[in-house]
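Everything on this sheet refers to the single structure shown next.
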2 protein chains.
Amino acid sequence: MKQTTTNKAPETARSAVGRDGVLDIAARLFREQGYGSVSLRKIAEAAGIKAGSIYYHFGSKDEIVAAVLDAGIQVVHASMRDAITALPADTDGETVLRAAIRAHLRALLDVSDYTSANVRIFGQVPQSVRDANLPTRRAYEAEWDSLLSQLKKDGTLKQDVDVRRLRLMLIGTLNATLDWFDPDRGSADALSRTYADVFLNGILQRQDT
Amino acid sequence: MKQTTTNKAPETARSAVGRDGVLDIAARLFREQGYGSVSLRKIAEAAGIKAGSIYYHFGSKDEIVAAVLDAGIQVVHASMRDAITALPADTDGETVLRAAIRAHLRALLDVSDYTSANVRIFGQVPQSVRDANLPTRRAYEAEWDSLLSQLKKDGTLKQDVDVRRLRLMLIGTLNATLDWFDPDRGSADALSRTYADVFLNGILQRQDT
DNA sequence: TCGTTTACCTAACAGTCGTTAGTTAGGCGC
DNA sequence: GCGCCTAACTAACGACTGTTAGGTAAACGA
């Protein structure tokens, strides 16, 4: 999603940001300021070009924001899938779930302006743009449901958990972190361990010690 | 926060919505559509008046949205405090925490457009408006920290929980519900029980059966 | 009955928005 | 050297924004 200029770096005009560069900048601004406060003129200025020039790369503002949203899910989806497929086949369920949580949180907080922009602005964009992002979202949700269902079947999770509800709760909790996370107070990885501890074992002091 | 017309119902002009009525409508629109897409003209139209007339009741759009944000926290704060002070003094810690979770979720999902509007638009409003809402927020957060600290001290909670982090996680999780909650799929109270079960006991199948 | 207050109205302001049309200049293949 | 492609530019469009100034009509206290 980054990797501008596959070969020789164009440098045609002064700026040389190109389509990918504009998209990177749009994602960063959307993450920082939300959807409504980011105008095409702001994006253009940050990219060192003029507002009208954006229409050489994109057909509309909606097209930009839709591209940002899709890329955001694809990044976190790939991050989560890679994390769990990289584990040995006989890894226990708890470890797999911890890895998935860590991968999601990493993409959200450390790696990708696209993923954080998606979480931040999804609720602010026009309905049509939201709808266009839904298939990509559903694929990611299905990946989680598949993982959680398997963990339920193999006895890692309690048998009375509602997979869909648990997935909504999990992803909602992780995404909410974006509102208050401060890297100076602790890394995303440390936070993911806390999250996993709470979800897996709860916060209640247990009698059976 | 509702209760328009303490005594005789003005009915002066045609609409008779008044300041409180405009605020109610603004809160509803903000909850439904977010901050950026709700103009003063939309609020005015929904209230049956003209845009300029809003300036009789409020000095600016920021003043409206600030009033909505403050009321939103006050409603959920009162809901949560009332719920726990209504319990008998010797109520066990787990029950108190469950009551607090239920009260927050009720205010958010069932009772108040103000609370849901706050959660929805807080991240979208200008910095100055956010700052103005902070003292009210901090008071509510302090109430939670006080509750969680006491539960930790009396041994209800594990001794290694970080109160601040747990509070951020808890409220973040509850608020995230707003993005997907559908009353047709289950009540807010039923959902709050699921939340409490997960947070208190975790989702892991336990060996000690 | 008169003056004041309350709650609205109309009309316009300057600014910003997404978007479009037409133009320009550098680099590459032929 | 000529023509094309790429990536920008300028200038303007209509729509919409928050906001203001000044006017109006109904209700109320004296």
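These values consider heavy atoms only, across backbone and side chains, with no hydrogens, waters or symmetry-generated copies.
Residue contacts shown for B:Lys61 are limited to sugar-phosphate atoms, with no base heavy atom under 4.0 Å away. A:Ser39 comes within 4.0 angstrom of sugar-phosphate atoms only, judged by non-hydrogen atoms across all strands, and of no base.
Atom CD1 of B:Ile49 is separated from atom P of C:dT10 by 12 Å (rounded to the nearest Å). One can place OH of B:Tyr35 at 11 Å from C1' of D:dT17, the figure rounded to the nearest angstrom. Following rounding to the nearest Å, A:Arg41 (CZ) and D:dA12 (C1') show an atom-to-atom distance of 10 Å. If you take NZ of B:Lys42 and P of D:dA15, they are 17 Å apart, rounded to a whole angstrom. Straight-line distance from the OH atom of A:Tyr56 to the P atom of C:dT23: 18 Å, rounded to whole Å. A:Glu63 has its CD atom 15 Å from the C1' atom of C:dT20, to the nearest Å. In this structure, CD1 of B:Ile54 is placed 13 Å from C1' of C:dC9, rounded to the nearest angstrom. Going from atom CG of B:Leu40 over to atom C1' of D:dG18 covers 6 Å, rounded to whole Å.
Place A:Gly52 and B:Tyr55 on DNA chain D by their nearest nucleotides, and A:Gly52 ends up nearer the 5' end. Between A:Ser53 and A:Ser37, the residue whose closest nucleotide on DNA chain C is further toward the 5' end is A:Ser37.
Taken from CG in B:Leu151 to OG1 in B:Thr156, the straight-line distance is 5.0 Å, to the nearest 0.5 Å. In this structure, CD on B:Glu141 lies 10.5 Å from NE2 on B:His77, to the nearest 0.5 angstrom.
Look at B:His57 and you'll find a side-chain N or O under 4.0 angstrom from OP1 or OP2 of C:dC8.
Annotation: A:His104 is not in aromatic contact with A:Tyr195 [ring centroid separation under 6.0 Å not met].
Ion pairing between a basic and an acidic side chain is recognised when a charged N comes within 4.0 Å of a carboxylate O; B:Asp113 and B:Arg28 show no such pairing.
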